[in-house]
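Report on the following structure.
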Amino acid sequence: AARVAGLACVAVVGCWRREPGRSTRRAQIIDGKSIASQVREEVKERVHAFKQQHDVTPCLAVVLVGQRPDSQSYVRAKAKVANEVGCRIVNVDFPDSVSEAELL
């Protein structure tokens with residue numbers, strides 16, 4: 001992560017603008033952590049409203065085949081966020097040896 005104007009986590013988003021005979025590139029610095037936090041808050045509010053309206057808790061269902069540490073880490077991160085916004089999490093784990101027929 002670059003340090004720009006005191007931000008620990010930033011991204012640069014650019015867009016091309018075509019003008020007759022030339023193109024220019026304009027960049028804008030965005031704060032990815034701040035945007036992610038805003039999105040999570042919005043999702044949390046929507047999950048709460050959905051629960052109130054339908055008396056149902058949204059669910060993240062994850063089917064994981066095998067024991068790859070990177071996949072397990074990814075699933076843990078997504079489950080953590082799902083839990084933070086109020087979703088239920090269901091994990092279904094299968095060994096590497098599972099057949100397609102068993103999986104389906």
| said: Tell me if the OH atom of Y74 is crowded by more than 12 foreign heavy atoms within 6.0 Å. | reply: no
| query | Does some side-chain heavy atom of K51 sit less than 4.5 Å from a side-chain heavy atom of D55? | reply | no
| said: If I take atom OG from residue S73 and atom NZ from residue K78, how far apart are they, to the nearest 0.5 angstrom? | reply: 10.0 Å
| request: Evaluate the side-chain proximity of V81 to R40: yes if any heavy-atom separation is below 4.5 Å, no if none is. | output: yes
| side chain to side chain contact (heavy atoms under 4.5 Å, CB included) assessment of L60 paired with V90 | CA-CA 6 Å; L60 171 66; V90 174; over 6 Å; no
| Nearest-0.5 Å distance, CD1 of residue I89 to OG1 of residue T57 | 10.5 Å
| message | Any carboxylate oxygen within less than 4.0 angstrom of a Lys/Arg side-chain nitrogen, looking at D31 and K33? | response | no
| request: Would you confirm whether E41, through its side chain, and Q38, through its main-chain N or O, come within 3.5 Å as a donor-acceptor pair? | output: no
| query | Would you say the side chain of V62 lies within less than 4.5 Å of the side chain of V92, judging by non-hydrogen atoms? | reply | no
| Is there a side chain to side chain contact (heavy atoms under 4.5 Å, CB included) between V75 and N91 once you walk through the steps? | CA-CA 9 Å; V75 168; N91 289 311; 3.8 Å; yes
| task | Can you see which heavy atom on V56 is nearest to which on P58, and at what distance? | result | O-CD, 3.6 Å
| Contact check, side chains of K80 and R76, non-hydrogen atoms, under 4.5 Å | no
| request: Mind listing the closest non-hydrogen atom pair of C87 and V47 along with its distance? | output: SG-CG2, 3.9 Å
| said: Between L64 and Q72, is there a side-chain heavy-atom distance shorter than 4.5 Å? | reply: yes
